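Quick note: numbers below take in every heavy atom, side chains included, and nothing from hydrogens, waters or symmetry partners. As the structure is a prediction and not an experimental result, all values here were calculated from the model. So you know, we letter chains A, B, ... as the sequences are listed, proteins then strands, and number each from 1.
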2 protein chains.
Amino acid sequence: MVTHITEEIARSVWYGWGDPARARPLSQAALKLLREELKLSSTEPSQPPVQLSEVRLGPVRLHEEVLAELRAICGPQHVSTEARDRIEHAGGKSTPDLLRRRAGDALDAPDAVVFPADSAEIRQLLELCGRRRLAVVSFGGGTSVVGGVEPLRGRFDGVITVDLRRMDKLLSIDPVSRTATFEAGIRGPAIEAALSAHGFTLGHLPQSHQQATLGGYIATRSAGQASTGYGRSDDLVKSVHLETPVGPFDAGSDAPGTAAGPKLLDVVVGSEGIFGVITSATVKITPAPRHKSYGAWSFPSFEAGVEALRRLRHEGVRGDMPHVCRLSDPDETATTFKLGGPKTELLGRYLALRGQKSPALALLVWEGDARETRARKRRSARIMRQAGGVLLGPLPGESWEHGRFSGPYMRDELLTRGVYVETLETAASWTKAGASYTSVRQAIFDALEEKGGGAYVQAHVSHVYSDGASLYFTFLGGLEEDGLAQNARIKDAASRAIVAAGATITHHHAVGTEHAPYMRAEIGGLGVRVLQGIKDVLDPQGIMNPGKLIPAATEETA
Amino acid sequence: MVTHITEEIARSVWYGWGDPARARPLSQAALKLLREELKLSSTEPSQPPVQLSEVRLGPVRLHEEVLAELRAICGPQHVSTEARDRIEHAGGKSTPDLLRRRAGDALDAPDAVVFPADSAEIRQLLELCGRRRLAVVSFGGGTSVVGGVEPLRGRFDGVITVDLRRMDKLLSIDPVSRTATFEAGIRGPAIEAALSAHGFTLGHLPQSHQQATLGGYIATRSAGQASTGYGRSDDLVKSVHLETPVGPFDAGSDAPGTAAGPKLLDVVVGSEGIFGVITSATVKITPAPRHKSYGAWSFPSFEAGVEALRRLRHEGVRGDMPHVCRLSDPDETATTFKLGGPKTELLGRYLALRGQKSPALALLVWEGDARETRARKRRSARIMRQAGGVLLGPLPGESWEHGRFSGPYMRDELLTRGVYVETLETAASWTKAGASYTSVRQAIFDALEEKGGGAYVQAHVSHVYSDGASLYFTFLGGLEEDGLAQNARIKDAASRAIVAAGATITHHHAVGTEHAPYMRAEIGGLGVRVLQGIKDVLDPQGIMNPGKLIPAATEETA
């Protein structure tokens, strides 16, 4: 049996994605490439984060009696107003979050962080917060890259962050119906470890997997790297227990299909903490695969590769689609080849000989029974070849899998070296995918270069559907003096291009504060009013995660 | 290419399911069986429907100026207050609907029926109805069996039924992204005919397919006979245009995956006309299959058959599941064999020799490429055999497919012969499926026999999921003097048993008026308040389809 190679890790550091010891340091080759592409005179580590002791924090704006009430609910050891806890919960892991924290700004930290033990405590916490006029932020792994866990107090007297890390248990498993119920604070690797003991997997492996929680997956409607095979988090979840300010709400059930009205489960999934706190959920599980087959193919262009993936999905034998299905554009492919060492450099030269001057690399992973996965791979090879693909063997796929969670660590080092880096994603129908790729990429380029600096943009497809595909962009530039303004400018340009292209404002990073201004364009003014109507029922005072998901009345449609 | 054998038919008759000329009359053998099972002294056609001219109708309670306004919007020829139109729109096709109509009661008919041409006219109609305090019922095929289109006026001065039959066009098709956009009033066979011209199918084939509309599919979250393969209507729909009393609302988009908050599309899907009128929708389409393979298997018991289907779903090769996947319980199987003529009678004797005294018949249909479907069938056969199945060859499957839409016609004749018949469905996890079957079946038996009459109950699985299956019950008894009270008693007993079993109150018939009292048990009191909150935003006056889906405050949780 192949279990997903996931590993329990320490919690994230306060100023960045994770333990610097786990990061693969940038090679000299990478630094040289950066200087060239971004026209930088130096990539010396000139902008390290400040020391923790230098971080600026506002006062705790809670009366002592409120703190006493919090302690009475969760136990004194599970209520913290310590600087480190407040700083660690001052936001998520977006580039602006990191820029603020690294510069010593945690003025937006919550007044207190509480670590409840169960749903009953959360119910009491919400009652208290309603009565005391305190905003409430649910916090799982804290890996939001869209401002989803910013402790905004809105019009309230204070803000409490509810960290679910103690709620990390497998509650039950039903191997016959293939479902499992977990507390919402369980992290990705712990989910896999718990299921692995029973021979199952959830198969949900976003890049944040090592830190993110099940509740976070569901609250953000996340997709994982193998979601082409296992489905997105919204496909995997069957029911959710939500604690709202007006009481507990169970959405969904264990019935496999129902026609009993609108699917309220899909109102809770993706609700990003604005209706209540997800405290447990039942998800579909799959037997852990016994085998994985890796394949890598190269295409003469990104367009050719996208067309190959479409044909694989449309013309392939039913059930043959790989679980992991990625396609890098020529820039991402070239960088992978350049930085992958002598072997991959040779690969680039080989492809040039085969006529692929700017190849686009596709990585595929099939999971299942050994014989079946090999048969799938073989049948798929026919389609890939017909679509102009050159087979590269399993190495690039295995190498990608080995480093599949390591990408975000790099950002910490890049920021220290004065390099701006951010990512964003969208999804478009097959018909619109090509134009969306071109226009969003160009918008990012233009915005990066607006102040005269160099720019680098790479992109990949990471999820393939019957009707379209996702597009994920990674982009770098020299870090400008006002990095926050730089980031806002580039994100806004990209977001406007996404809206104009008829693609979605987010494929798997969710909305948070960053995409809220584009929600009117995404779901319409009436859609926003429906969301607000649901919130008015479940959270009449509006204490739950203010400022996320629902655009402020003053925010214009993009 | 195999196209789904569907056929344009005339609209339904006012007192029953359809044209009596299309019904297969009950054979002498069937009538004899009925008399025996139901302890009836006679099955002579003693209770025919009244003549149309005898049907009682209330007055049209609309001012002449309202009618003039309606005519100004839709054109005078598209506004009817004719008796026949009003009677044909006095309800759907539930057994109580038929009992009322057959007895000459159409007192609940709408005041007028309008036939708008497009969304713009519907927008004007809703504005008018809001201003004039008129309730509005959307009407597609009118095949609801749960009271979904009853023209209840609630607290309003009148009720208008909006029949979408003129909105029946394919608006656009995107063969690359495999989607098509239709007006909502298009009926099942017309959908298939339009797509077939492009080599595609929707593959949505509920028993009501010949009459039901796309808008109805979506409004009721329907499932079709091949939904195990193609997915339910909620899997197939990508976006919906809804006209609400506060304006147009587009839910969903053509992006294939999104993390942009709660899925508002899933609020519109299953909304049964209480938020607005669905006027168009974009759905996923599939290339029409080139081949179908039929298989029939017999199992020693229903439990063994259910277990076989579970193993087929869980242990079969990915992608191998048949598109149609049905399993009859021993009663349904025995009746099929008894009434199927000499060949199937022989089949029963053969199975008895093989040790299956009360066999459960499974019918499977694979669709796709000829070689692939045969390979799937072959691999599946291994699992079916290991699970105790005896292969019966393709005949029962082909025979089922031939009569797949004819079942409901029989009800008209049965009622004429004084036989009560109704159906209902649920779905349960694999873990709960056995107990749900037993307890719901028993509850129906007990309720049927409560007044001393005979009873017959048969059941089948028609949809198989990774986590469970549907259960569909058909039951007959002697028609009591108060058939409406008889029906209410039996449906209530069954519904309570479903709730107690932890199954869903409806798998594909939807909620309407009949299941509304059980919605609190299904989605919780807070779930009901969320639905009402959404309605308050989209339909603040409450004019849209009163009395459906949301239970009245006075209705108790079952």
J.: Go through A:Arg379 and A:Asp320 one step at a time and tell me if the salt bridge (Lys or Arg N to Asp or Glu O under 4.0 Å) criterion holds.
T.: CA-CA 8 Å; A:Arg379 286 190 293 258; A:Asp320 271 7; 2.7 Å; yes
J.: What residue, out of A:Val511, A:Thr506, A:Val537, has the most heavy-atom pairs lying under 4.5 Å from chain B?
T.: A:Thr506
J.: Under a 4.5 Å cutoff for heavy-atom pairs, which residue among A:Ala251, A:Gly368, A:Ala223, A:Ala255 has the most contacts with chain B?
T.: A:Ala255
J.: Pairing donors with acceptors under 3.5 angstrom, does anything connect the side chains of B:Glu272 and B:Thr220?
T.: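 There is no such pair (donor and acceptor under 3.5 Å, judged by atom type) between the side chains of B:Glu272 and B:Thr220.
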J.: If you count heavy-atom pairs under 4.5 Å between each of A:Val146, A:Thr244, A:Leu264, A:Thr179 and chain B, which one has the most?
T.: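 Most heavy-atom pairs under 4.5 Å with chain B: A:Leu264.
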J.: Using a cut-off of under 4.5 Å for heavy-atom pairs, which of A:Val269, A:Leu265, A:Asp369 has the most such pairs with chain B?
T.: A:Val269
J.: Any chance you could measure A:Lys535, atom NZ, to A:Phe275, atom CZ, to the nearest 0.5 Å?
T.: 7.5 Å
J.: Could you tell me which portion of A:Ile523 (side chain, backbone, both or neither) has an atom closer than 4.5 angstrom to a non-hydrogen atom of chain B?
T.: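 Both parts, backbone and side chain.
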J.: Out of curiosity, A:Cys325 SG to A:Arg313 CZ, how far, rounded to the nearest 0.5 Å?
T.: 10.0 Å
J.: Counting heavy-atom pairs under 4.5 Å with chain A, which one of B:Pro287, B:Ser227, B:Gly468, B:Ser177 comes out on top?
T.: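 Max contact count across the listed options: B:Ser177.
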J.: Please work out whether the ring planes of A:His508 and A:Tyr472 are parallel, tilted or perpendicular, with thresholds of 30° and 60°.
T.: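 Correct class here is parallel.
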J.: Is A:Arg529 close to chain B through its backbone or its side chain, or both, or neither, when contacts mean heavy atoms under 4.5 Å?
T.: both
J.: Sub-4.5 Å heavy-atom contacts with chain B: which residues of residues 233-243 of chain A show up?
T.: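 Residues A:Asp234, A:Lys238 are the ones that qualify, each having a heavy atom under 4.5 Å from chain B.
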J.: With respect to chain A, which residue among B:Thr258, B:Val176, B:Thr504, B:Leu526 yields the maximal number of heavy-atom pairs within a distance under 4.5 Å?
T.: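 The answer is B:Thr258.
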J.: By number, which residues in residues 426-436 of chain A have some heavy atom less than 4.5 Å away from chain B?
T.: A:Ala427, A:Ala428, A:Ser429, A:Trp430, A:Thr431, A:Lys432
J.: Can A:Arg376 and A:Glu372 be counted as an ion pair, charged N to O under 4.0 angstrom?
T.: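 Answer for the salt bridge query: yes.
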J.: Distance from A:Ser222 atom OG to A:His204 atom NE2, nearest 0.5 Å?
T.: 2.5 Å
J.: Enter the distance from B:Met519:CE to B:Lys548:NZ here, rounded to the nearest 0.5 Å.
T.: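 Atom-to-atom, B:Met519:CE and B:Lys548:NZ are 14.0 Å apart.
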J.: Is the closest side-chain heavy-atom distance between A:Val461 and A:Val306 below 4.5 Å?
T.: yes
J.: Give the member of A:Gly261, A:Ala510, A:Ala219 that has the highest number of heavy-atom pairs under 4.5 Å with chain B.
T.: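 The answer is A:Gly261.
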J.: Between B:Val530, B:Val268, B:Leu531, B:Ile534, which is the residue that forms a side chain to side chain contact (heavy atoms under 4.5 Å, CB included) with A:Pro262?
T.: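 Considering B:Val530, B:Val268, B:Leu531, B:Ile534, a side chain to side chain contact (heavy atoms under 4.5 Å, CB included) with A:Pro262 is found only for B:Leu531.
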J.: Determine the option with the most heavy-atom pairs under 4.5 angstrom with chain A, choosing from B:Asp536, B:Ile274, B:Val246.
T.: B:Val246
J.: Within a 6.0 Å radius of atom CZ on A:Arg371, are there more than 12 heavy atoms belonging to other residues, nucleotides or ligands?
T.: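 Result for CZ/A:Arg371: open.
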J.: Give the minimum heavy-atom separation between A:Glu522 and A:Ile505, together with the two atoms involved.
T.: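 In terms of heavy atoms, the two residues are closest at OE1-N, 2.8 Å.
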J.: Do you see a donor-acceptor pair shorter than 3.5 Å between the side chains of B:Glu425 and B:His509?
T.: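 There is such a pair (donor and acceptor under 3.5 Å, judged by atom type) between the side chains of B:Glu425 and B:His509.
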J.: Looking at chain B, which one of A:Gly319, A:Gly270, A:Pro256 has the largest number of heavy-atom pairs inside 4.5 Å, strictly under?
T.: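 Ranked by heavy-atom pairs under 4.5 Å with chain B, first place is A:Pro256.
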J.: If you round to the nearest 0.5 Å, how far is CD1 of B:Ile278 from CZ of B:Phe249?
T.: 11.5 Å
J.: If we count only N and O atoms by modelled type, under 3.5 Å, do the side chains of B:His507 and B:Arg232 hold a donor and an acceptor together?
T.: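 Result is yes, a qualifying pair exists.
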